[in-house]
Amino acid sequence: MIVFGFRAIHVANPTTVALTFLLLVLVVSTFWGLAASVFTAVAATLAFNYYFLPPIGTFTIADPQNWVALFAFLVTAVVASQLSARAQREAANANERRRDVERLYAFSQKLLTSDNVLELLNLLPKYMVDGFELKSAAIFLPDRAEVYRSGPATSGLDAVELKMVSGRGEPRVDQARAVAVMPIRLGMRTVGSFGVLGGSVSGATLDAMSSLIAIAIERVRAVENLGRTEAARESEQLRSALLDSVTHEFRTPLTAIKASVTSLLSGPSLDAAQRNELLTVINEESDRLDHLVGEAAEMAQLDANQVELHRAPHSISEVISEAVERSKKILGLHHVSVGVPQDLPFALMDEDRIREVLMQILENAAKYSPAEAPIQITAEEKNKTLMISIADQGPGIDDFEQGLIFDKFYRGRNQRLAVQGTGMGLAIAKAIVEAHLGTIGVVSQLGRGSVLFFTLPLAGSEG
């Protein structure tokens with residue numbers, strides 16, 4: 001086409017023709033590769049000689065300088081073809097490396113989403129298949145003695161081969177079957193192996209995958225170990241707190257009981273009034289001991305989720321009235337005012353447990369409020385829940401402690417010695433409210449008292 005075009009317009013300048021042919025060679029090299037461009041270069045050289053170098057119409061060259069021009073054209077065309085082809089190969093390799101880096105980055109991000117070894121091992125083969133366009137993948141760890149696969153169609157990845165590579169630490173690549181089995185190395189130590197089937201993953205990418213998998217497994221194991229260590233530490237702290245609290249709280253009633261019994265045994269001359277007073281002390285302190293043991297047992301049951309709730313629609317005003325009536329002894333001279341609208345909807349609750357929550361909060365308010373200070377109970381419908389609030393006129397709670405008062409065995413820093421208690425009451429209340437799918441909290445200002453509140457779902461608001 002170039003020959004006919006130039007001949008039709010009678011272009012006789014060999015330089016223009018040569019440059020046009022050279023441009024054609026570069027275009028062919030760009031789109032069809034080196035072989036096609038070399039063939040085009042040879043064909044262009046022959047056409048250039050036959051049609052544009054004198055004598056025209058023959059392959060004979062009269063002027064020796066034209067031999068140089070023809071040879072220079074051929075060499076230039078071939079070299080240009082090679083350079084163009086090499087540039088294409090390098091561009092393709094660069095794009096492939098870029099894709100591999102992007103895939104590895106996405107793969108590494110997915111490895112950070114799990115903090116559980118078993119979950120990670122189950123997800124890893126799927127991550128490899130999705131991220132690197134494989135047919136299937138599998139992973140094996142010697143300490144698990146199990147092969148984790150991306151799916152049932154992994155017949156090309158033999159468990160024996162995976163275990164062999166894990167034991168020897170040497171990769172096995174079968175190009176014919178498109179199978180690669182790589183060791184998972186953490187430094188110089190082999191911690192397992194993984195296999196891939198299908199796809200076109202380079203050796204460097206497989207090595208990078210091996211390192212990423214090893215680091216991810218080690219990270220998850222470290223997180224699990226840290227969690228177990230933290231749990232053990234918290235358990236030890238909990239045991240120490242429980243022992244300290246129980247020891248302190250049990251010692252007071254036991255001391256009173258022991259003193260009363262000793263007085264009764266060593267004082268036969270005591271009159272009836274004195275004996276009755278000592279027996280009353282024994283009775284009250286025994287009740288206190290029973291209450292402490294009951295709280296500890298209930299806290300343990302709530303922590304273990306062993307308490308069954310019997311939830312049904314109930315009127316909160318009735319539950320509040322019963323709680324106040326049963327707490328009269330604890331409340332003493334505190335006057336309790338109740339402000340509950342008559343048209344409040346029923347709440348979904350276990351009335352015995354919610355009565356217990358109210359009694360725990362009332363006991364807490366009575367303990368920390370001045371003698372005869374009033375306590376107010378209110379209830380209202382708010383955000384499709386029923387909110388119950390108990391306000392006292394105690395010393396208040398600072399911002400730091402507001403987030404701690406519902407923790408087991410925690411007691412106010414400034415009230416630990418002045419007020420008796422184990423620090424389990426509000427923790428029990430919190431566990432019961434949360435078992436009802438409600439929330440509990442506190443609003444307080446130092447010197448102005450506190451308002452403890454909790455919410456319950458309205459009847460008919462669930463499922």
Side-chain angles (χ1 to χ4, degrees), residues 295 298-299 301-327 330-331 334 336-366 368-369 374-394 396-408 410 423-445 448-463:
E295 278 192 338
E298 184 176 17
M299 191 73 255
Q301 289 178 334
L302 289 168
D303 281 345
N305 295 320
Q306 293 180 349
V307 176
E308 183 179 355
L309 297 178
H310 302 284
R311 295 197 297 166
H314 291 287
S315 168
I316 192 63
S317 60
E318 296 179 2
V319 179
I320 291 174
S321 299
E322 293 175 3
V324 172
E325 182 66 27
R326 295 190 184 190
S327 301
I330 299 171
L331 292 170
H334 294 282
V336 178
S337 62
V338 179
V340 178
Q342 295 296 322
D343 59 347
L344 275 182
F346 282 9
L348 191 63
M349 60 177 153
D350 183 325
E351 57 179 345
D352 292 333
R353 293 293 179 181
I354 296 303
R355 185 189 308 115
E356 182 180 359
V357 170
L358 289 164
M359 292 174 65
Q360 293 283 9
I361 298 177
L362 285 171
E363 179 181 356
N364 185 80
Y368 293 97
S369 296
I375 298 172
Q376 184 178 15
I377 303 176
T378 58
E380 61 177 324
E381 183 181 353
K382 187 174 183 179
N383 297 329
K384 298 183 180 179
T385 64
L386 190 64
M387 176 180 286
I388 301 94
S389 303
I390 298 92
D392 62 46
Q393 294 185 10
I397 308 168
D398 64 30
D399 293 341
F400 171 76
E401 288 191 298
Q402 287 181 24
L404 300 174
I405 63 170
F406 296 103
D407 292 348
K408 291 188 289 290
Y410 183 82
M424 288 189 289
L426 293 183
I428 290 173
K430 179 176 183 289
I432 293 174
V433 170
E434 290 181 347
H436 281 77
L437 306 180
T439 58
I440 190 168
V442 62
V443 177
S444 182
Q445 285 186 332
R448 297 193 176 185
S450 304
V451 179
L452 275 78
F453 62 89
F454 64 93
T455 63
L456 295 171
L458 295 176
S461 63
E462 291 190 336

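Atom OG1 of Thr378 and atom CE of Met387 lie 9.0 Å apart (nearest 0.5 Å). The distance from atom CD1 of Ile388 to atom CD1 of Ile361, rounded to the nearest 0.5 Å, is 9.0 Å. Here the straight-line distance linking atom CG of Leu348 with atom CG of Leu456 works out to 8.5 Å at 0.5 Å rounding. Rounding to the nearest 0.5 angstrom, the gap separating the OG1 atom in Thr385 from the NE2 atom in His436 is 14.0 Å. Summarising the geometry, atom CD1 belonging to Ile316 is positioned 10.0 Å from atom CD belonging to Glu351; distances are rounded to the nearest 0.5 Å. Here the straight-line distance linking atom CG of Leu452 with atom CG of Leu362 works out to 10.5 Å at 0.5 Å rounding.
Contact record, Pro341 with Ala379: CD-O, 3.3 Å, taken as the closest heavy-atom pair. Of all the heavy atoms in Phe453 and Ser389, the pair that sits closest is CB-OG, 3.6 Å. Between Gly396 and Ser444, the shortest heavy-atom contact is CA-OG, 3.3 Å. The shortest heavy-atom contact between His310 and Asp350 is N-OD2, 2.9 Å. Nearest approach of Leu331 to Val324, heavy atoms of both residues: CD1-O, 4.1 Å. Taking each heavy atom of Phe454 and Val357 in turn, the nearest pair found is CE2-CG1, 3.9 Å.
By the 4.0 Å N-to-carboxylate-O rule, Glu322 lies too far from Arg326 to be salt-bridged with it.
In terms of modelled atom types and a separation under 3.5 Å, the side chain of Thr455 and the main chain of Thr439 share a donor-acceptor contact. With hydrogens and angles disregarded, no donor-acceptor distance shorter than 3.5 Å links the side chain of Asp392 to the backbone of Ile375.
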Inset, instruction - Run the numbers on Arg311 and Leu437 for side chain to side chain contact (heavy atoms under 4.5 Å, CB included), then give the verdict. - result: CA-CA 11 Å; Arg311 295 197 297 166; Leu437 306 180; 4.3 Å; yes
Inset, instruction - Go through Ile440 and Leu426 one step at a time and tell me if the side chain to side chain contact (heavy atoms under 4.5 Å, CB included) criterion holds. - result: CA-CA 10 Å; Ile440 190 168; Leu426 293 183; 5.8 Å; no
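Evaluated for a side-chain contact (heavy atoms from CB on, under 4.5 Å) with Ser327, the options Met359, Gln360, Arg355 yield exactly one hit, Met359.
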